[in-house]
2 protein chains.
Amino acid sequence: MKKVKRTTIYDIAAKLGITASSVSRALNNSNQVNEKTRELIMKTADELNYKRNTLASNLRKGQSKTIGIVVPRINQNFFSNVIAGIEEATYQKGYNLIICQSNELHDKEIQCVNTLINQHVDCIVISVSADGNDYQHLQNVIDHGIQLIQFDRVADELETLKVINDNEQASFEAVSHLIEGGYKRIGLLEGPQNLAIFKQRKLGYLRAFKAYNVPVIDELIVENAWTKELGAAGTRKLLNLPHPPDAIFASTSDFSALGVLEVASAMGIKVPAELGVLGYANESFSEITSPSITTIDQFSFYMGNTVANLFFQELENTDTKTKPKIISIKPELIIRASTSKNK
Amino acid sequence: MKKVKRTTIYDIAAKLGITASSVSRALNNSNQVNEKTRELIMKTADELNYKRNTLASNLRKGQSKTIGIVVPRINQNFFSNVIAGIEEATYQKGYNLIICQSNELHDKEIQCVNTLINQHVDCIVISVSADGNDYQHLQNVIDHGIQLIQFDRVADELETLKVINDNEQASFEAVSHLIEGGYKRIGLLEGPQNLAIFKQRKLGYLRAFKAYNVPVIDELIVENAWTKELGAAGTRKLLNLPHPPDAIFASTSDFSALGVLEVASAMGIKVPAELGVLGYANESFSEITSPSITTIDQFSFYMGNTVANLFFQELENTDTKTKPKIISIKPELIIRASTSKNK
DNA sequence: CTGTTAGCGCTTTCAA
DNA sequence: TTGAAAGCGCTAACAG
């Protein structure tokens, strides 16, 4: 690939015998420029196949019209939907997205954040990785005057804009649904408790028991069961108990619920008659398993939209006194076959 | 968010009573700098929380260490996997990704490409949208001296680097599998024929018939059935024929195969006994439907990796004479329950 | 309405 | 090994 000399505003200016400032003004739709010269400039720019050098422009203006996104995994339904939601709302305002993935590794997350700071992004949107709980790098973002927005998996201790799901309430409603459906011994597959979202889901689980005056059975709670494989292992453990559960809430994801389904099927246990199964995230597959999985929709695309709008709102908001906003999106329980004991 | 004055190399230089050039040299690991001054500079940089301004650096160097990606949809399994594959390979070399989605709209695709040119990206990786077949904007990329790599959905007429799947062969093997499995009347759900990938899949379908000396039945070919809904509609039409097919190859995607499954189930037609079903893309759900769907894996993550490596290879390759490389990845037929007539 | 001028932060040649 | 100086392409304050 050989180096190509690109057309600059100087080339256009030279060709028309005017100065670069006029060209710049015309190109930026300033009204400080004669209508005829503008037309001429536009025409010439087009002829010379001029493309603005955003790098130079941004350097000069001290902003980048770029938003950096850091997620654990790009190719995970929830995250790619959030990103798509952000993209939709920001693109039309002329913003670009730089996307990084942390692979759930704290060190890579730090690297990503630093790269984004270097890039002078206007805003960093992040869902923190499961690994590690030191947030110096995020404090750093703030110190550099970059807007920081956390979503879904947030570091509570950091005072920033946040867009979260009401995990606790969703979880409460899910477990209530199980109890009302006649399930008595409800097991929980929980996620890493250093992530607030999983802690909240557990709290919702516990609150439901209290609300219905049902005692919590500790041995039915399985730690760290947040993949399909770990979910399956946890289920195997639960179902081999002297008093096995009659329902399992896979609070981490539908993948882990899938693990439950597979183990149950292998052990000849009927879902939902003998075992209720409830997942989380409304993955596309959850409606086509057999039986279909009752789950919780997180409105991921909408979440991305919300993040973007929050950013634009704060951009206009000059009042720095106000406390950083926290927007909570209420997830929705989607009832399907896997929890319909009495049908 | 108030403006924060960031530390620059001048701040570091001033504090140490040296010039910015030395600081720059130290920060760039030049060996033209005294070991002691380097250490001092590094230490001070750290103290002042210095972060390089990549914008300025790139402007000066005339490159951006950034790769632009344009895909129809970010939140589609295949594409997000390819992106993840690209990310993995480029991140460790210090490249950033700017990701745009065209939403299958030709106009938005043009906009995306122009934005990326403006950003002075070093390379544009694109899978073209289904809509439109004018490729002036891609020619433009080349004219601006930016490396262009097409993948999966490529514009054949453009001589660029390409990473594609051997769709024709995969399709051929898939249909051969159906024929050998005892299916006689095999229907085809085809995609928009202006996209080469769908044309190739149809060719493979036709070639299989020829290879086995089976006549092609035109009425079993349904145009433009590339979503779940369109796939379902096409299936309804096929199954209501006087001589309905005994197998359907949903060559566009597993989503459309899902549509087939649902219609068959609604009509009480047994899969695979009465109807064989074959999808495309090996979406995560395809192994958990009932019956599980026989499909074709495209190695999307690996495809992303390949794209990235191709870019780096060309970066080193100064020889511009050679024809642009086309790398073809052979997809793999994954045989599952939906085509096992005799079991 | 247009031109002049300075400078965003960095790299790189040339000279010392 | 270090410094001086120029300039990447663009914008914006100021002057005319």
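Letters go in sequence order (proteins before strands), and every chain restarts at 1. From a predicted model like this one, the values you see are computed outputs, not experimental measurements.
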Participant: Atom CG of A:L16 to atom P of C:dG3: distance rounded to whole Å?
Facilitator: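 Spelled out: CG on A:L16 to P on C:dG3 is 10 Å.
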Participant: What pairs meet the salt bridge (Lys or Arg N to Asp or Glu O under 4.0 Å) rule with one or both residues in residues 92-102 of chain B, with sequence neighbours excluded?
Facilitator: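 Of all non-adjacent pairs touching residues 92-102 of chain B, none passes salt bridge (Lys or Arg N to Asp or Glu O under 4.0 Å).
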Participant: What's the CG-P distance between A:N118 and C:dG9, to the nearest Å?
Facilitator: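 After rounding, the reported distance stands at 14 Å.
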Participant: Taking only residues at least two apart or on different chains, which pairs with a member in residues 97-134 of chain B satisfy ring-ring contact (aromatic ring centres under 6.0 Å, His included)?
Facilitator: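 Residue pairs with at least one partner in residues 97-134 of chain B: B:H106-B:H137.
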Participant: Drop me the distance from A:Q119's CD to B:S64's OG, to the nearest 0.5 angstrom.
Facilitator: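 A:Q119 CD to B:S64 OG: 8.0 Å, rounded to 0.5 Å.
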Participant: Let me have a per-nucleotide readout for nucleotides 3-9 of chain D, 5' to 3', with B, S or -, counting only protein heavy atoms under 4.0 Å.
Facilitator: BBBBBBB
Participant: Got a sec, which residues hit salt bridge (Lys or Arg N to Asp or Glu O under 4.0 Å) with A:R38, two or more places apart in sequence or on another chain?
Facilitator: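 A:R38 satisfies salt bridge (Lys or Arg N to Asp or Glu O under 4.0 Å) with A:E35 once adjacent residues are dropped.
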Participant: Excluding sequence neighbours, so at least two apart, what forms side-chain contact (heavy atoms from CB on, under 4.5 Å) with A:T306?
Facilitator: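 So A:T306 forms a side-chain contact (heavy atoms from CB on, under 4.5 Å) with A:V163, A:Y302, A:I327, A:I329.
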Participant: Does any residue of residues 27-41 of chain A have a heavy atom under 4.0 Å from DNA chain D, and if so, which ones, in number order?
Facilitator: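 Residues of residues 27-41 of chain A under 4.0 Å from DNA chain D: A:N28.
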Participant: Once salt bridge (Lys or Arg N to Asp or Glu O under 4.0 Å) is applied, what residue pairs with a partner in residues 103-117 of chain B remain, sequence neighbours excluded?
Facilitator: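 Qualifying pairs, neighbours excluded: A:E87-B:K108, B:E104-B:R153.
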Participant: Among pairs that include at least one residue of residues 54-96 of chain B, which meet ring-ring contact (aromatic ring centres under 6.0 Å, His included), considering only residues two or more places apart or in two chains?
Facilitator: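 For residues 54-96 of chain B: B:Y95-B:F311, B:Y95-B:F312.
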Participant: Who pairs with A:K43 by side-chain contact (heavy atoms from CB on, under 4.5 Å), at least two apart in sequence or on another chain?
Facilitator: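 A:K43 satisfies side-chain contact (heavy atoms from CB on, under 4.5 Å) with A:E47 only.
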Participant: Using atom CG of B:N58 as one end and atom P of C:dT12 as the other, report the distance to the nearest whole Å.
Facilitator: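 It works out to 11 Å between those atoms.
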